[in-house]
Structure formats: structure tokens, C-alpha cells
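Working notes, structure below.
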Amino acid sequence: MQNLLHNLNPEQLAAVTLPAQSALILAGAGSGKTRVLTTRIAWLIQTGQVSPAGILAVTFTNKAAKEMLTRLSAMLPINTRGMWIGTFHGLCNRLLRTHYRDAALPQTFQILDSQDQLSAIKRLLKAFNIDDEKFPAKSVVYFINGAKDAGLRAGDVEAHDPAERKMVELYGLYDDQCQREGVVDFAELLLRSYELLSRNQPLREHYQQRFKHILVDEFQDTNDLQYKWLKLLSGQGQSQARSALFAVGDDDQSIYAFRGANVGNMRAFEQEFNVQNLIKLEQNYRSHGHILDSANMLIANNSKRLGKNLRTDAGHGEQVRVYEASSDLQEAQWIIEETKNLIAEGASRSEVAVLYRSNAQSRVIEHALFSAGIPYHVYGGLRYFQRAEVKHAIAYLQLMDNPHNDSAFLRVVNFPTRGIGVRTIENLQGAAQQYGISLYAAVPYMSGKAGSSLSGFVKMIEGMRFETQQMALPELVRVVLEGSTLLSHYATEKEGADRVENLEQMVSAATQFVSEEGYGQGAPAHLGPRADAQAGAPIVNADGIEILDADAPLATVMSPLSAFLSHASLEAGDNQAQAGQDALQMMTVHSAKGLEFDNVFITGLEEGLFPHESSSKEDGGVEEERRLMYVAITRARKRLYMCFSQTRMLHGQTRYNMKSRFFDELPEESLKWLSPKVQSHWFANKKSAWDDAPLNLGSDNALAQRMAQKAGGGSGWRIGEAVSHGKFGEGVIVNIEGSGANCRAQINFGSHGMKVLDLSVAKLERLGR
DNA sequence: AAGACGCTGTTTTTT
DNA sequence: ACAGCGTCTT
């Protein structure tokens with residue numbers, strides 16, 4: 001135990017060894033949050049305060065859950081299997097699998113990912129002849145997920161106008177459709193298990209008693225339903241003893257409001273759980289002083305903080321390097337130069353991160369990196385299980401496990417093509433609707449040529465199910481890849497080599513899955529849970545009803561095939577394992593959260609981009625952008641670069657942006673401007689701006705034309721020029737129209753918005769940037 | 001049933 | 001600019 005606790009600082013130690021009461025740990029960036037969380041669990045177990053089965057630890061991502069498990073098994077000599085450690089969705093899936101009857105779900109219910117959900121909605125809209133102009137599928141999805149995330153069923157949503165009433169109706173119809181097909185979406189996993197526990201008293205009480213300690217990571221990211229779920233499981237508000245909820249989070253890193261996260265849950269938790277133990281972890285072990293000072297000073301501009309100031313023992317380190325580029329191309333060029341310098345100084349490429357606010361910014365930088373021959377890795381593309389060919393294979397597997405999944409049916413009934421056309425499908429859908437059954441079940445009602453091709457498809461699925469009855473999962477997957485003719489189809493396609501490879505990879509994914517999840521290598525993939533699996537001791541409630549506890553491995557509650565399909569939906573896999581390559585890391589600021597690098601570039605620091613223009617319209621939007629900037633800054637250990645550009649190509653048009661307001665919120669002494677005398681006067685000094693940018697303007701003539709376009713009708717002002725206005729502050733001239741006395745300029749005043757001013761009237765001052 | 005054409009939206013993302 | 005779609009064409 002001494003071992004466990006040594007090297008913890010006083011705050012960390014206090015947090016780890018808190019008594020079994022609700023606690024809120026405000027953990028700043030780089031303050032050892034995961035360490036505290038895992039050490040707390042290890043300490044609780046090692047001191048005999050709780051058995052592994054009494055632990056419930058919740059994260060948002062699989063990565064975080066895995067990390068926690070890895071660290072725990074390094075600390076504890078015990079098997080981590082009895083503990084419930086996982087994502088909200090993973091744990092809810094486990095709960096629903098175990099208690100599928102009580103949750104009114106089929107044993108083989110399947111999970112829709114976001115793509116599947118959208119296409120299910122599109123299908124619904126079509127079936128009910130809904131005008132998709134008035135009710136776009138996307139907004140229906142948004143509405144439904146919003147309601148579910150708030151814990152509301154269709155019957156609970158108050159509609160204020162006819163359009164909303166329609167939305168509510170669609171919500172109800174969608175839920176019916178899902179129920180009929182035996183599928184649940186992500187939000188449904190949460191809501192259904194919440195409802196299961198709140199309606200079923202014996203179950204609820206069982207789990208409430210079982211979990212003595214509930215620990216939550218990234219608490220600031222919880223949505224309302226997740227918070228309600230935690231309250232329910234912890235027994236909050238009940239008179240009897242309840243479990244201790246240990247919430248770890250950082251309100252300054254709350255950057256997911258747009259997907260329903262509610263930072264307010266932190267304050268609500270403090271009050272509703274009567275939190276006596278609030279501990280702030282403010283000692284930062286990651287960043288040098290100038291970087292931390294920048295982060296602290298920036299975030300101090302936010303109101304409504306719980307209050308926290310990071311400190312470090314690491315010394316000031318280097319100043320933050322700031323660069324103003326003339327164009328996005330030149331910005332990219334500069335990044336490449338600096339990266340080369342870093343590498344020459346001995347930095348490894350994987351310790352260089354380029355962060356941007358939006359994905360669209362990556363293109364230019366990627367292009368420049370490619371030309372320079374610097375290996376790079378872009379985060380956040382298509383993930384393995386999202387690839388079309390893999391989704392197709394999954395759909396065949398889904399049909400074998402649950403033939404009523406119409407989404408899966410439609411995805412592959414004619415892929416690879418087998419002569420089943422749109423018309424045939426429409427007829428089939430008509431029959432299915434008429435009898436209220438699934439497409440698969442409606443096939444026997446079809447006659448004629450169309451009927452026989454459809455029943456051919458069904459026979460193929462049935463045949464594969466029969467053939468694979470006794471097979472282990474990897475073997476089954478191989479049979480399906482071949483039997484579905486997916487493999488041979490892609491093998492004949494000219495660009496199909498990668499796809500074949502991805503499909504082949506599914507067999508190894510299945511092999512790995514089977515061994516990791518504790519299914520025997522030879523366990524039949526079908527036919528329910530493993531026969532020889534040891535279920536936990538049965539629980540008998542007061543009425544003598546036996547309840548199966550979900551503490552045993554998943555193998556006891558679901559078949560390898562069902563489990564594998566859940567896995568494919570809940571853990572979409574990495575995007576291209578370019579591992580092994582020492583590559584520069586490129587990603588959005590959002591996806592950088594939780595990561596750290598020696599060297600970080602924050603790019604595109606311009607008004608309108610970062611903070612993003614759409615953030616100024618939502619209340620609290622700019623504060624969320626500031627938190628995002630805070631996250632970006634605190635990713636860096638040793639060296640931080642920030643850059644912005646005067647011009648940028650966006651949506652096919654050149655935009656003229658001002659530098660980000662965030663620069664004004666950073667400590668001057670921590671910044672080192674690398675471009676003091678920049679190219680604002682490029683018109684007079686055109687060489688610097690246009691020669692730096694590797695633009696191919698073709699000829700002097702083309703250049704002259706572009707210049708002429710930018711000159712403002714003899715007004716004396718130029719497009720792209722920085723100006724100052726008494727009322728609106730600093731801005732950039734974006735456009736000039738008319739000439740002489742009628743000359744007007746469109747000016748981007750950043751936070752004050754876009755204005756059109758009459759140049760003969762407006763009092764503008766030239767601003768040498 | 002694949003390929004061409006035109007329309008649309010375009011902040012951030014995990015499960 | 002450009003990708004991803006839905007619809008129309010061959």
C-alpha cells in the first residue's frame with residue numbers, strides 16, 4: 001500500500017484516501033487525474049473497504065476505460081474482471097443483455113450506430129410519406145436524440161406547435177419501428193437501462209447495494225440522462241445508505257455542450273449529493289511555465305468557473321511563439337519550416353502536434369506536409385467498423401443473429417447485386433407494412449420472379465446460419481465473407497484490394513475478440529451464451545424471484561456473435577492503423593483533449609475560425625471556445641506555437657480575418673512574436689506576401705488582375721487592409737464596391753460583426769498590423 | 001445498375 | 001472548393 005500512495009502530492013493523496021462519501025475532484029489539465037482515479041480504486045480494494053465487485057467506474061470513451069483497466073492491473077495483483085469498468089454505453093449494454101426480458105428487448109437486440117440511425121429515420125419518413133423538406137431526417141434525429149438525452153419519451157415531450165407535434169409523433173413512430181426490428185440506438189441504451197432500473201425495484205436495489213463506489217471520469221461531459229442514471233444507481237435521495245459517488249472533472253475543459261453535455265451537472269452534484277469533499281488538483285506535471293501562464297490568464301476571462309489555477313515546478317521554459325502569415329498556404333509553409341527545425345533539434349515527429357479548430361483546415365497543411373515529404377497522421381477519419389465493406393459484412397452477420405433488423409436487410413439484400421431491384425423492395429416493404437412484420441418475414445408473401453430472388457436471399461442467410469451452427473466466431477466470419485460473395489465481389493473490382501484486405505482483417509478481429517472476451521476459442525458463435533460459463537450466484541429478491549446478476553463475463557449473457565456485433569457498434573475501431581510510422585500528429589482541438597505532446601502548433605487563430613463565428617450566436621458560445629483554446633494550450637509540454645493568417649480559403653472564397661481575440665487575453669511576456677513587421681502592407685510591398693506563398697498565379701498579367709480586384713475603386717482603401725473604427729473597433733476590409741462618392745466598404749469587425757460602411761462618411765483609420 | 005449531373009451544406013464527436 | 005447526396009440518364 002505504501003507503494004500505492006507514494007509519490008502522490010498532498011491533494012492527490014487526500015483525494016485517493018477520502019472516506020466513502022460523495023466527492024468532487026476538480027482536476028486541472030495534466031494534474032494526474034487518471035492516476036488519482038485508478039489509485040483510488042486500488043486503494044479501496046487493497047485496504048479491504050470494498051471488493052472488486054463493489055466498484056463501478058464509468059468513462060466516456062473505450063480508450064479511457066482501457067487505460068484505466070491497464071493501469072489497475074499493473075497496480076493490483078487481482079483479476080479486474082469482477083469490476084465494472086467501461087463506458088456509459090458499454091455498461092448499459094451489459095445491463096440490458098443480462099436483463100433483456102425485463103427491459104422488453106429480444107435477446108439478440110442490436111445496436112444502431114449514428115449512420116444506421118439516420119438511415120432508419122429516412123426509411124421511416126419515406127414509409128409515412130413525410131415531407132423531407134419540412135422534416136429533414138437530420139433534424140428528426142437531432143430532435144429524438146435530444147429528447148432521449150434529456151430522459152424523455154415521446155409521451156413526455158411537450159409540443160408547442162404543429163411542427164413539434166409532428167416531431168413528437170415521429171419520435172413515437174421511430175421507437176415503435178426500433179422495437180419491432182429489435183434494435184436500439186446509442187441514446188436508447190442509456191434511456192432503456194435507466195427506465196429498467198427505475199421501474200424494477202428489486203433490480204435497482206440489487207445494483208444499488210452492489211456498487212459501493214461509483215467513480216466517474218470527465219464528469220463535466222455528462223448529459224442530463226447520464227447524470228440521472230448515476231443518481232439512480234448511487235441511490236441518491238434515498239434514506240438508506242447509498243454508494244459513494246466519486247466524480248472527477250474539469251469545468252474548464254467542458255467542450256461538448258453541443259452534444260448535450262451539461263457542465264451544470266457539477267454544481268448540481270455538489271448540491272444534490274451534499275458534497276463535503278471538494279478537492280482541487282492544481283499542480284500541473286505537464287507544461288512549462290509560460291505555457292501554463294498563458295492557459296491560466298486566458299481562462300480567467302471566463303465567468304461561471306468553479307475556480308482553479310494551475311501551477312508548475314517546471315520553470316518558465318520557452319515563450320510561446322506566435323506567427324502571423326499572409327495566407328493559409330504560407331501558414332502551412334511556416335509550420336513545415338518550424339517542424340523541420342524541431343526535427344533537426346532532435347524532436348521525434350510523433351511529439352509534434354498540429355491542432356486546428358475545424359477539419360477543413362487540415363487539407364492545406366496536409367498538402368504542404370506531403371510536398372515536404374514529412375510523414376503525418378490525421379486523426380478522426382473513417383474508423384474500421386464504419387467502412388462500407390465492413391458494414392456490409394456486419395449486416396450479414398446481423399441478419400443471421402436477428403433477421404428482423406430491416407436496416408441490415410436493406411443494406412445487403414442486393415449487395416453484391418443479385419437482381420433485386422427497387423421495385424421489388426418497394427413491394428416487399430408494402431407487404432411487411434401491411435402485415436406489421438419485418439422485411440425478412442415478409443419474403444414468403446412475395447410471389448413471382450421477384451419472390452423467388454428474394455427467397456433465394458433468405459435461403460442463403462438460412463443456409464449460412466445452418467452451416468455455421470457449431471462453428472467458432474472467426475470461422476463463422478470467414479464463411480459469411482465467402483458465402484455472402486462479398487469477398488469475390490471486391491476481388492473482381494479494380495480498386496477493391498484494400499476492401500478485400502479490410503474484410504480479411506475481420507477474421508482476425510473476431511479471433512482477437514474471442515480471446516479477449518473470455519469465450520473459449522472453440523465456443524460456438526451462435527446459440528446463446530456459452531453453455532459452460534459460470535454465471536454469478538443467483539440473486540433472489542424479497543418475493544422469491546430469481547434475478548440474474550450481470551457481474552459475470554459477457555459470455556454468460558450473450559453469444560459470441562451477439563457480443564461481437566455489439567463490439568462493432570460500440571467500439572468502432574481506429575482509423576487506419578498507420579502505427580509504427582513516426583509521424584507528425586494532426587487533429588482537431590476537440591480530439592486532442594486528453595493527449596499531450598512536447599511540441600504543439602495551434603493554427604488558424606482568427607476571429608471567425610477560432611473562436612468560430614457560429615459560437616458568437618449561442619449564449620456561452622465564446623466561453624466554450626475559450627475553454628477549447630484552454631484545452632489546446634494545455635496539450636503542450638515544452639514548446640507551443642500559435643499562428644494565424646490574414647487570408648484564408650474557405651468554402652471556395654477568400655476570407656479576410658482578424659487575429660483571434662484570444663491573443664489579447666494572453667500574457668504579453670509569455671509571447672514571442674516571430675513576425676513583427678508583417679505583410680499587411682503587401683500591396684506596396686507585394687514581394688513579401690505573394691512570393692512567400694507558393695501560389696501559381698500564372699503570369700504577371702494574372703497577378704496584376706488580382707491586384708486590381710483588390711484595389712478599391714480608387715478609394716484609397718484596399719481589400720484585406722486592417723482598419724480601426726471609433727465604434728466598432730478593429731476590422732479588416734473584406735470588400736469594396738462602387739467608386740468615388742458612392743464607394744462603400746464591407747468590413748469584418750470580428751466580434752462586432754460584418755458592417756458595410758460608406759467610405760466618404762465613415763471615419764476609418766489605417767492600422768499597420 | 002453504373003455513371004453523370006446538379007443541389008446542398010460546410011464546428012466541434014463518442015458511443 | 002468540395003464532398004456527399006438524390007435524381008436522372010444510358
Does N62(A) make a side-chain N or O approach to OP1 or OP2 of dT15(B) shorter than 4.0 Å? yes
Has F60(A) got its ring stacked on the base of dT15(B), with centres under 5.5 Å and planes less than 30° apart? no
K122(A) side-chain N/O to dG6(C) phosphate OP1/OP2 under 4.0 Å: yes
In whole angstroms, the gap separating P of dT14(B) from CD of Q226(A) amounts to 15 Å
Test salt bridge (charged side-chain N to carboxylate O under 4.0 Å, His left out) applied to E607(A) and R648(A), R661(A), R655(A), the passing residue: R661(A)
When you check the phosphate oxygens OP1 and OP2 of dA3(C), does a side-chain N or O of R363(A) lie under 4.0 Å from one of them? yes
Evaluate whether the aromatic ring of H590(A) and the six-membered ring of the dT12(B) base sit under 5.5 Å apart, centre to centre, with an inclination under 30°. no
Between Y379(A) (OH) and dT12(B) (P), how many Å, whole number? 18 Å
Classify the angle between the aromatic ring planes of H567(A) and F385(A) as parallel (below 30°), tilted (30 to 60°) or perpendicular (above 60°). perpendicular
Select one nucleotide: of dT12(B), dT15(B), dA1(C), the one nearest the side-chain heavy atoms of S358(A). dT12(B)
Within the modelled atom types, does a donor on one side and an acceptor on the other bring the side chain of T87(A) and the base of dT15(B) under 3.5 Å apart? no
Which nucleotide in the list dT12(B), dT10(B), dT15(B) gets nearest to the side chain of S114(A)? dT15(B)
Side chain of L570(A) - closest among dT15(B), dT12(B), dT13(B): dT15(B)
Under 4.0 Å between a side-chain N/O of S615(A) and OP1 or OP2 of dT12(B), yes or no? no
Please state whether the rings of F258(A) and Y256(A) are parallel, tilted or perpendicular, taking 30° and 60° as the class boundaries. tilted
List, with names and distances, any nitrogen or oxygen atoms from the protein found under 3.5 Å away from nitrogen or oxygen atoms belonging to nucleotides 1-8 of chain B.
none

Rounded to the Å, how far apart are N145(A) CG and dT15(B) P? 16 Å
Any chance you could measure E188(A), atom CD, to L112(A), atom CG, to the nearest 0.5 Å? 9.5 Å
Below 30° counts as parallel, above 60° as perpendicular, anything between as tilted: where do the rings of F143(A) and Y171(A) land? perpendicular
dT12(B) and dC5(C): how far apart are their C1' atoms, nearest whole angstrom? 22 Å
To the nearest angstrom, the CZ-C1' distance between F88(A) and dT15(B) comes to 11 Å
Nearest whole angstrom, please: distance from the P of dA3(C) to the CE of M649(A). 14 Å
Quick one: R655(A) CZ to dA1(C) C1', roughly how many Å, whole number? 14 Å
OP1 or OP2 of dT15(B) less than 4.0 angstrom from a side-chain nitrogen or oxygen of R383(A), does that happen here? yes
Side chain of N359(A) - closest among dT15(B), dT14(B), dT12(B): dT12(B)
Hey, can you tell me if Y227(A) and F219(A) have their rings parallel, tilted or perpendicular (30° and 60° cut-offs)? perpendicular
For the atom pair CG (L369(A)) and CE (M586(A)), what is the distance rounded to the nearest 0.5 Å? 6.0 Å
Check: T588(A)/H590(A) side-chain N/O donor and acceptor closer than 3.5 Å: no
Please report the distance, rounded to the nearest Å, between CE in M629(A) and P in dT11(B). 20 Å
Using atom CG of L609(A) as one end and atom P of dT10(B) as the other, report the distance to the nearest whole Å. 16 Å
Among the candidates dT11(B), dC2(C), dT15(B), find the nucleotide nearest to the side-chain atoms of E625(A). dT11(B)
Nearest to the side chain of F186(A), heavy atoms from C-beta on, is which of dT15(B), dT11(B), dT13(B)? dT15(B)
